[in-house]
> 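Structure incoming, see below.
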Amino acid sequence: MNGDTSKVMSIETAVSRFMSDGAHISIGGFTLNRNPMAAVYEIIRQGFKNLHLYAHSNGTGVDELIGAGCVDKLEIAYAGNGKTAATCIRFRKAVQEGTLKVEDYSNFMMSLRFLAGAMGVPFMPTLSGFGSEITTSWGFSKEMRQADPKIVDDKLVIMDNPFGRWGDASKVLLVPAINPDVTFIHVQKADTMGTCRIDGLIFADTEQAKASRQVVITCEELVDPEALRDYPERNQIPFLHVAAVCHVPYGGYPTAVYRHYDYDATYLRAYADAAKNDEKFKSFQDKHLYGVKSHQAFLDLVGQDRLTAIKADSRTGYAVNMKRG
Amino acid sequence: MNGDTSKVMSIETAVSRFMSDGAHISIGGFTLNRNPMAAVYEIIRQGFKNLHLYAHSNGTGVDELIGAGCVDKLEIAYAGNGKTAATCIRFRKAVQEGTLKVEDYSNFMMSLRFLAGAMGVPFMPTLSGFGSEITTSWGFSKEMRQADPKIVDDKLVIMDNPFGRWGDASKVLLVPAINPDVTFIHVQKADTMGTCRIDGLIFADTEQAKASRQVVITCEELVDPEALRDYPERNQIPFLHVAAVCHVPYGGYPTAVYRHYDYDATYLRAYADAAKNDEKFKSFQDKHLYGVKSHQAFLDLVGQDRLTAIKADSRTGYAVNMKRG
Amino acid sequence: MQSKEYSLREMMAIMAAREIKDGDIVFAGTGISMLAATAAKNINAPDSIIFFETGAIDSLVEELPLAVADPRVMYHSASNAGLLEAFACMQNRITGDKVIAILGAAQIDRFGNLNTTSIGDYHQPEIRFSGSGGGCDVASFVPRCIAFMQHEKRKFVKKLDYLTSPGQLKGGGSREAAGLRPGGVNVVITDKAVMRMDSETGEMYLDAYYSGVTPEEILDNMQFSVDIARAREAEPPTEKELKTLREKCDPQRLILG
Amino acid sequence: MQSKEYSLREMMAIMAAREIKDGDIVFAGTGISMLAATAAKNINAPDSIIFFETGAIDSLVEELPLAVADPRVMYHSASNAGLLEAFACMQNRITGDKVIAILGAAQIDRFGNLNTTSIGDYHQPEIRFSGSGGGCDVASFVPRCIAFMQHEKRKFVKKLDYLTSPGQLKGGGSREAAGLRPGGVNVVITDKAVMRMDSETGEMYLDAYYSGVTPEEILDNMQFSVDIARAREAEPPTEKELKTLREKCDPQRLILG
């Protein structure tokens with residue numbers, strides 16, 4: 001019973017099966033942590049274009065997708081990548097050059113939009129943002145919104161509190177639900193049915209997964225369902241929401257995966273350096289992205305020394321005293 | 001640092017410090033599971049009256065509080081207690097005799113109301129309940145609501161979806177936030193700062209705690225903060241929300257506490273039998289409630305044999321093959 | 001092979017189990033509805049998934065729980081979350097459309113609306129029941145709901161004393177007009193018959209009567225009449241169904257009695 | 001005992017740390033704001049609680065994180081949840097009123113409104129920044145916010161190119177009129193001075209200038225003028241503060257440089 005393993009497949013198969021040009025997608029993680037990088041690189045290699053991308057503060061993955069020219073439209077709260085790039089470099093370039101349409105929200109608003117999608121309601125209320133130009137400056141015009149049935153007509157709605165002053169609020173700001181076509185999440189442990197156990201911070205991965213029509217999981221460890229039934233309270237994404245499970249060790253590299261490995265500051269800095277210059281960036285991509293056939297080949301190129309240097313310490317879950325400066 | 005243990009106190013002290021007549025309170029758990037029974041019994045023994053009680057499907061604790069005449073007003077989704085009482089018996093009696101004012105919601109609505117309180121917004125939206133008399137029959141009249149600033153003016157509000165048909169919804173139903181004065185939660189493990197680790201289902205305990213102005217935790221095991229820092233992902237209630245931590249082994253008895261003990265079907269049946277008759281109920285209360293001075297004295301009265309019979313099996317977390325028929 | 005020796009409760013459990021298909025997420029309540037869910041899983045829909053409003057998914061039910069918060073639903077599940085996650089999973093169309101729910105009620109009307117709140121005036125009830133619980137939510141969200149009922153005149157009523165959980169409301173598209181998505185009770189399983197809702201009118205009709213029961217007897221036990229023109233005799237439980245139900249699903253006879 | 005030997009960055013970190021009191025929940029960002037939070041915890045407010053928008057509470061920060069999603073914030077915390085829990089904790093008045101936040105920005109105006117989005121026209125920006133992140137949320141909810149700024153004319157502007165995070169909006173109660181609760185930036189800590197918001201008018205004034213800086217020099221480095229009548233010289237960091245900052249908070253000099 002429930003021994004069905006039909007969801008288990010390679011990331012190459014999952015990307016080609018669930019992705020399409022123009023798809024509305026979302027990726028898990030936060031800046032330089034637990035981004036589904038193997039999935040991101042595979043999407044780029046398979047050449048999907050005109051994507052509509054939803055993110056809160058996903059740095060590394062978002063910038064790679066934009067840098068590769070996969071993304072037309074982006075709804076996001078924050079495009080930075082910690083100390084290596086206060087503003088994501090290819091993102092900045094694309095916005096300044098007008099090749100990327102951006103709709104700005106805050107982190108909480110984006111998280112609430114995924115929550116609304118996960119809960120099956122058209123919006124979530126918040127008290128954030130009154131007076132901010134987030135409410136008045138729309139990256140996607142009303143006309144563009146009305147012309148596209150996959151984009152909600154209003155960026156957000158402000159209304160009077162229908163319960164008077166209840167909850168110490170005179171007004172509420174409503175942010176519309178997101179239901180991506182596909183969401184990619186990288187986790188420490190998943191079982192063959194698709195149930196996931198995440199260590200460390202969840203960010204908004206649970207809501208992103210539950211809001212999505214299809215969810216592709218990549219995992220450091222693929223286990224038998226039996227292995228996750230000991231403490232079901234620890235499983236944040238139940239299999240009901242998952243379409244594909246791909247076993248990809250180091251699938252979050254070069255971002256960090258708590259208790260497994262740290263971010264690779266060296267790689268992220270090299271990326272940031274290259275990203276500042278179009279030609280340098282092209283050769284960087286040619287070497288690290290298009291020059292390899294798979295995530296494993298990319299890891300081979302990076303080399304075992306670097307993977308050893310970022311190996312997580314068993315006490316703290318990160319690489320203690322790793323050179324990061 | 002943070003070695004502060006000033007939140008640790010007896011349940012007697014916590015109840016007398018945080019409770020008051022007329023307080024708006026909430027209790028955790030669900031029907032016959034993880035009700036904060038030691039707290040409930042202590043509230044009764046200390047004689048607090050005119051309480052306004054919020055619950056979703058709390059059976060055992062709600063019926064005891066009503067049976068003891070502590071509750072004036074109740075907002076609830078479900079007052080039943082599994083097989084022992086399809087409808088809670090003292091609850092039914094109080095409603096039929098007109099001594100208890102009830103406002104009916106659904107389980108999801110009550111959970112969303114706690115969530116709204118926890119999130120600090122005046123309401124949460126749902127697509128539940130259109131056409132139900134929950135929307136039209138108000139247990140608390142508009143006049144009564146307007147006269148009491150602690151009760152929201154409207155039971156709920158139905159409005160057109162402000163985002164057109166986004167989210168496949170034409171209308172939304174808004175339920176107002178709850179922020180109880182005090183919430184009582186029983187957990188398996190808490191640390192001296194108040195952080196809690198719950199095993200098994202959470203029900204809506206997390207939201208109830210976060211929505212509440214004061215939270216009193218009773219726990220099976222009281223541990224040093226260090227002990228819960230190994231897997232912070234497993235701690236559902238951070239100490240920020242907690243005012244008091246009380247070490248009360250068997251503090252959920254006679255309801256079940258997963259991985260510790262099962263419900264006591266014998267006790268619950270005896271309660272249900274007594275509850276059907278006013279005189280029998282009075283003597284039952286005199287013996288089990290007013291006749292004992294503390295939860296420990298109550299457990300002594302119940303006897304070790306019964307506690308042994310409900311001891312949880314280490315594999316399943318409940319008492320395997322326990323007589324329940 | 002059919003068996004002549006079975007109780008009405010066994011018949012009801014098997015009738016409900018047959019409604020459940022592989023891949024269905026089965027919203028189970030307490031009592032006979034939990035037994036029906038377990039029966040489906042063990043007999044005809046091994047890849048159905050048992051789901052509780054308390055937040056447990058795909059529990060390994062080794063002993064019959066006596067409540068949806070029984071610790072027996074927490075064992076060996078894929079996830080132990082809470083009420084919000086459970087109801088969100090049903091409200092969300094992506095997962096919610098796969099759910100089939102089993103409900104009970106004190107009263108049902110011709111449009112499959114349910115009363116689990118009170119008899120008499122709501123403010124001064126003659127009889128007070130437990131209230132909605134998750135019933136109103138489930139009937140609002142779930143596309144396929146089974147109602148378990150005793151076939152009695154006081155239960156199949158012309159007008160509910162209180163409409164707790166919405167079915168087709170007043171029929172003729174009134175459910176959707178009120179703001180609800182398609183769904184609510186579409187099958188009623190009683191101790192005499194299986195009734196269904198007409199997809200056009202939203203009204204109840206007699207689909208199948210149990211062996212030894214006549215359509216007339218069924219109408220005699222209801223306050224309203226229903227179309228009996230489509231009625232056929234129900235297929236009784238097979239030996240295999242009964243054996244599994246008795247030996248695997250409720251060996252302690254907690255529900256079967 | 002005071003020290004003459006310290007960098008401006010050290011001065012800024014200590015000025016911010018002094019704003020933090022025991023019992024405060026400190027919303028920390030990256031860089032110098034994280035350093036200030038760590039400094040407060042190690043120097044003057046041991047019972048303050050470090051809190052990250054990513055969902056970590058009371059982390060044991062043994063190494064300085066380079067981002068709020070750095071695995072270094074996940075170690076030994078009281079809870080590792082997510083963004084929704086973190087922002088709810090600030091939006092909720094019960095816990096939110098205890099929060100003090102540290103923010104940064106590309107531009108600030110006289111009312112403490114912040115721009116972290118773009119320079120030039122929003123639709124065709126000359127310079128695009130990272131965007132709000134949690135900044136707009138924090139400035140909306142949190143009663144006390146510290147802004148870290150470089151004291152430059154292009155940063156203290158008459159009019160923001162984009163108002164990302166609300167301060168006092170246009171002053172004179174306009175914040176509350178817009179629907180916001182009291183809060184937003186009330187202290188600005190720069191490499192020259194500490195500025196505060198007047199509680200009546202909502203306008204920025206000079207509270208303290210660093211040793212060797214004159215109020216006039218401060219005004220020269222802003223596009224708008226502020227009241228300097230209340231200004232005094234800031235108390236420099238003590239030896240003890242500096243020692244702890246250097247040896248305990250950032251021994252790798254990741255932030256101190």
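All chains are named by letter (A, B, ...) in the order of the sequence lines, taking the proteins before the strands, and each is independently numbered beginning at 1. Here the structure is a predicted model, which means the values were calculated and not measured.
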> Find the one option among D:Gln252, D:Glu126, D:Gln124 whose heavy-atom pairs under 4.5 Å with chain A are most numerous.
D:Glu126
> Which atoms of D:Tyr162 are under 4.5 Å from chain A, going by heavy atoms: the side chain, the backbone, both sets, or neither?
both
> Quick check on A:Gln236 against chain D: is it the side chain, the backbone, both or neither that has a heavy atom closer than 4.5 Å?
neither
> Give, as side chain, backbone, both or neither, the part of A:Val102 having an atom under 4.5 angstrom from any heavy atom of chain D.
both
> Let me know if A:Ser170 has heavy atoms under 4.5 Å from chain D in its side chain, its backbone, both or neither.
side chain
> Can you say whether D:Ile127 sits under 4.5 Å from chain A via the side chain, the backbone, both, or neither, judging by heavy atoms?
both
> Does any heavy atom of chain A fall under 4.5 Å from the side chain of D:Tyr122, the backbone, both, or neither of them?
side chain
> Quick check: do D:Leu35 and D:Cys249 have side-chain heavy atoms less than 4.5 Å from each other?
yes
> Looking at side-chain heavy atoms only, is the closest gap between A:Leu307 and A:Tyr250 below 4.5 Å?
yes
> Return the option, out of D:Ser130, D:Ala177, D:Gly82, with the maximum number of heavy-atom pairs under 4.5 Å with chain A.
D:Ser130
> Is it possible for you to check whether A:Lys155 lies under 6.0 Å from the centre of the six-membered ring of A:Tyr105, through NZ or CZ, and within 45° of that ring's axis?
yes
> Tell me, side chain or backbone of D:Leu169 under 4.5 Å from chain A's heavy atoms, or both, or neither?
side chain
> Give, as side chain, backbone, both or neither, the part of A:Arg34 having an atom under 4.5 angstrom from any heavy atom of chain D.
neither
> Given a strict heavy-atom distance threshold of 4.5 Å, which part of A:Ala256 is in contact with chain D: side chain, backbone, both, or neither?
side chain
> What part of A:Val320 gets within 4.5 angstrom of chain D, counting heavy atoms only: side chain, backbone, both, or neither?
both
> So which part of A:Thr126 gets closer than 4.5 Å to some heavy atom of chain D, the side chain, the backbone, both or neither?
both
> Taking heavy atoms only and a threshold strictly under 4.5 Å, list by residue number the residues of residues 85-98 of chain D that touch chain A; give 'none' if the list is empty.
D:Phe87, D:Ala88, D:Gln91, D:Arg93
> With D:Asp191 as reference, evaluate D:Gln150, D:His151, D:Arg9 under the side chain to side chain donor-acceptor pair (under 3.5 Å) test and give the passing residue.
D:Gln150
> Of the backbone (N, CA, C, O) and the side chain (C-beta and beyond), which part of D:Arg175 lies under 4.5 Å from a heavy atom of chain A, both, or neither?
neither
> Side chain, backbone, both or neither: which part of D:Val138 has an atom under 4.5 Å from a heavy atom of chain A?
neither
> Can you tell which part of D:Asn113 gets under 4.5 Å to a heavy atom of chain A, answering side chain, backbone, both or neither?
neither
> Relative to chain D, which segment of A:Ile198 carries a heavy atom at a distance below 4.5 Å: side chain, backbone, both, or neither?
neither
> So among A:Arg113, A:Arg145, A:Lys73, which one has a salt bridge (Lys or Arg N to Asp or Glu O under 4.0 Å) with A:Glu103?
A:Arg145
> Do D:Ile108 and D:Phe156 have side chains that approach each other closer than 4.5 Å (heavy atoms only, starting at C-beta)?
yes
> Which atoms of A:Asp168 come close to chain D, meaning under 4.5 Å heavy atom to heavy atom: side chain ones, backbone ones, both, or neither?
both
> Which atoms of D:Ser77 are under 4.5 Å from chain A, going by heavy atoms: the side chain, the backbone, both sets, or neither?
neither
> Under 4.5 Å heavy-atom distance to chain D, tell me which part of A:Phe30 shows up: side chain, backbone, both or neither.
both
> Under a 4.5 Å heavy-atom cutoff, which of D:Pro166, D:Gly135, D:Ala56, D:Pro71 has the most pairs with chain A?
D:Pro71
> Looking at CG of A:Asp262 and CE of A:Met322, how far apart are the two atoms once the value is rounded to the nearest 0.5 Å?
3.5 Å
> Check whether A:Asn321 gets within reach of chain D through its side chain, its backbone, both or neither, counting any heavy atom under 4.5 Å.
both
> Quick check, are the ring centers of A:His56 and A:Tyr78 under 6.0 angstrom apart?
no
> Heavy-atom pairs under 4.5 Å with chain A - which of D:Ala81, D:Gly31, D:Ala139 has more of them than the others?
D:Ala81
> So, A:Tyr261 versus A:Tyr253, ring centres under 6.0 angstrom or not?
no
> Out of D:Gly120, D:Gly131, D:Cys136, return the one with the most heavy atom pairs under 4.5 angstrom to chain A.
D:Cys136
